[in-house]
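Note sheet for the following structure.
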Number of protein chains: 2
Amino acid sequence: MVDARPISSFVDGESIYSSGERAGQAYRVEFGAVRVYRVLANGRRQILAFHFGGSWFGLQNESQHRSTAEAIGVTGVKSINLQENPHAWQGLLPAVLENFLSSQEHQLVIGRQSAVERVAAFLLEMSQHSAHSHRFELFMPRMDVADYLGLTIETVSRSLTKLKNKGIIRLHGARGIEIVEYGVLQRLCL
Amino acid sequence: MVDARPISSFVDGESIYSSGERAGQAYRVEFGAVRVYRVLANGRRQILAFHFGGSWFGLQNESQHRSTAEAIGVTGVKSINLQENPHAWQGLLPAVLENFLSSQEHQLVIGRQSAVERVAAFLLEMSQHSAHSHRFELFMPRMDVADYLGLTIETVSRSLTKLKNKGIIRLHGARGIEIVEYGVLQRLCL
DNA sequence: CGACTTGTTGATGTATCTCAAATCGCGTGG
DNA sequence: CCACGCGATTTGAGATACATCAACAAGTCG
């Protein structure tokens, strides 16, 4: 059973699995957060997804991982060995569908939205994973945000500044976000 | 059983399901091709995926469709009712994982690649779905290619011209593609 | 063989990237 | 508690890739 397995703990930046490694496990975030990314030959990085408490990741069929998963801050993860428990896949279907849906949502964001719209969408997404949806701390540095949204850190920063200047959000230090005009932010992402 | 079900036939542009409609079916392409897309409020469209013979689409958990699926050319589709056959989900897990993987691959393309690189990746993807991988016809108009790659039709056209001028591909009419330097094209996508 | 749709090419505009510098924020140690 | 130092973030100036607008060419179909 999943819940009988111990929690593995990872420090900030530690990799949970790496591209090229032999696959065969399914992982679930217990606390903290995880980024899953791929790197192109020229060094460009795309973060495919962020995962927070309760979310499954690393779900795939192939023998090797194509992506890398790293802890963001101190993070706890439980894993199932799918080789030993092939029947466990059944219960994971909803998780795969959820991952798939998130991936599609994100395609929309990076395919057809402007920089400010992407950042707005990102803030809303993060707010939904926080206890207080209108006031929260980002777990990750700007570089992660940029590589998630297909932008540069400078453009992310400028977009945040624009949202701040319009009075839609307030910034509290480098990571603190306060959403003042939630509705306006939502309308930006249409 | 899936294979006992009749094939539904659709003409070019006909929708198989539409955004907002009640969901609950899984679909498989028998012949022809399908585009799955979403439209933002301001009219911008993002094609999430193209599906060809044998590929499953429309796989999701929710009660309503978020996307629209349309036939590209005359297309045959078989469907399963997942309400009546909830156990059918089991056999669909590999299909969901495949869709998910494709979606992630595409995230990489639209998030971190230049226009020419995106078009190169697209041509390789299409070549893999064709009988002759170095000489094939595109099923879809430029607008579809553009909306799939997060570009405009003009940029797609210019990118094709660049690849042609470099001698990497040859164009035969509006839809015919011949890949002359397969290796060079692959290296472009790294 | 025209009319219409689809695709290409050209000229210009603009959002985002790149390169560079200033500033902030935070941990450390005096 | 405050000064220091360093990485993270912001801001600025200039370059560039892609979008936009407009005209042209090529296919397609009656």
Side-chain angles (χ1 to χ4, degrees), chain A residues 11-13 35 40 42-46 72-74 109-123 126 137-166 169-178 188, chain B residues 11-13 35 40 42-46 72-74 109-123 126 137-166 169-178 188:
Chain A
V11 300
D12 185 53
R35 63 176 161 253
L40 294 168
N42 50 6
R44 286 174 291 188
R45 183 179 73 152
Q46 176 68 44
I72 303 175
V74 176
V109 173
I110 60 182
R112 284 296 180 211
Q113 307 223 150
S114 71
V116 175
E117 289 167 341
R118 293 183 207 196
V119 170
F122 173 74
L123 293 178
M126 290 305 114
E137 297 283 318
L138 295 176
F139 294 164
M140 68 290 288
R142 292 287 184 275
M143 183 64 88
D144 279 7
V145 180
D147 286 347
Y148 182 57
L149 298 177
L151 300 170
T152 61
I153 54 175
E154 293 95 330
T155 300
V156 170
S157 179
R158 278 185 247 270
S159 300
L160 285 169
T161 303
K162 277 180 194 165
L163 291 171
K164 184 189 71 180
N165 290 341
K166 285 181 185 168
I169 63 170
R170 261 194 280 264
L171 302 175
H172 300 278
R175 303 284 181 87
I177 303 285
E178 184 185 349
L188 265 181
Chain B
V11 300
D12 185 54
R35 61 175 162 256
L40 294 167
N42 50 5
R44 286 173 292 187
R45 182 179 73 151
Q46 176 67 43
I72 303 175
V74 176
V109 173
I110 60 182
R112 284 296 180 212
Q113 308 223 148
S114 71
V116 174
E117 290 167 340
R118 292 184 207 196
V119 170
F122 173 73
L123 293 179
M126 291 304 115
E137 297 283 319
L138 295 176
F139 294 163
M140 68 291 284
R142 292 286 185 276
M143 183 66 89
D144 280 7
V145 180
D147 285 347
Y148 181 57
L149 297 177
L151 300 169
T152 61
I153 53 175
E154 293 94 329
T155 299
V156 170
S157 181
R158 277 186 249 268
S159 300
L160 285 169
T161 303
K162 277 180 195 165
L163 291 172
K164 184 188 73 180
N165 291 341
K166 285 181 184 168
I169 62 170
R170 261 194 280 266
L171 303 174
H172 301 279
R175 303 285 180 89
I177 303 285
E178 183 185 348
L188 265 181

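To find a chain, count down the sequence lines: A is the first, B the second, and so on, and within it residues start at 1.
- The CZ atom of A:Arg175 sits 8.5 Å away from the CE atom of A:Met140 when rounded to the nearest 0.5 Å.
- Between the CD1 atom of A:Ile177 and the C1' atom of D:dT10 there is a distance of 14 Å, given to the nearest Å.
- For the pair A:Leu149 CG and C:dC17 C1', the computed distance is 15 Å after rounding to whole Å.
- In this structure, B:Glu137 contributes its side chain and B:Ile177 its backbone to no donor-acceptor pair below 3.5 Å.
- Atoms CZ and CE, on B:Phe139 and B:Met126 in that order, are 9.0 Å from each other to the nearest 0.5 Å.
- For C:dA15, neither phosphate oxygen OP1 nor OP2 lies less than 4.0 angstrom from any side-chain nitrogen or oxygen of A:Ser114.
- Between A:Glu137 atom CD and C:dG25 atom C1' the separation is 12 Å, expressed in whole Å.
- The distance between atom NE2 of B:His172 and atom P of D:dA26, rounded to the nearest whole Å, is 17 Å.
- Taking atom CG of A:Asp147 as the reference point, atom P of D:dT9 lies 12 Å away to the nearest angstrom.
- Between the NZ atom of B:Lys162 and the P atom of D:dT16 there is a distance of 13 Å, given to the nearest Å.
- Scanning both residues, B:Gly73 and B:Asp12, for their nearest heavy atoms gives N-OD1, 2.6 Å.
- End-to-end axis angle for the helix from C:dC1-D:dG30 to C:dG30-D:dC1, using five pairs per end and rounding to 10°, comes out at 40°.
- At a threshold of 4.0 angstrom between heavy atoms, the contacts of A:Gly176 with the nucleic acid are absent.
- B:Arg45 and A:Arg112 make their closest contact through O-NE, 2.9 Å (heavy atoms, listed as atom of the first residue, atom of the second, distance).
- Counting heavy atoms from C-beta on, the side chains of A:Gln113 and A:Leu149 never come closer than 4.5 Å.
- A straight line from CD1 of B:Ile72 to P of C:dT6 spans 14 Å, rounded to a whole angstrom.
- Side-chain contact check for A:Pro141 versus A:Asp144: some heavy-atom pair is nearer than 4.5 Å.
- The nearest whole Å value for the distance from the CZ atom in A:Arg44 to the C1' atom in C:dC17 is 13 Å.
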Atom pairs under 3.5 Å, N or O on each side, protein against nucleotides 7-11 of chain C: can you list them with distances?
unit_1	atom_1	unit_2	atom_2	d
C:dG7	OP1	B:Arg142	N	3.4
C:dG7	OP1	B:Arg175	NE	3.2
C:dG7	OP2	B:Arg142	N	3.2
C:dT8	OP1	B:Arg142	NH2	3.1
C:dT8	OP2	B:Arg142	NE	2.8
C:dT8	OP2	B:Ser157	OG	2.9
C:dT8	O5'	B:Ser157	OG	3.0
C:dT9	OP2	B:Thr161	OG1	2.6
C:dG10	N7	B:Arg158	NH1	2.9
C:dG10	O6	B:Arg158	NH2	3.1
C:dA11	N6	B:Arg158	NH2	3.4

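- Side-chain N or O atoms of A:Arg158 include none that pairs as donor or acceptor with a backbone N or O of A:Ile153 at under 3.5 Å.
- Screening A:Thr155, A:Val116, A:Leu123, A:Val145 for a side chain to side chain contact (heavy atoms under 4.5 Å, CB included) involving A:Leu160 leaves a single residue, A:Leu123.
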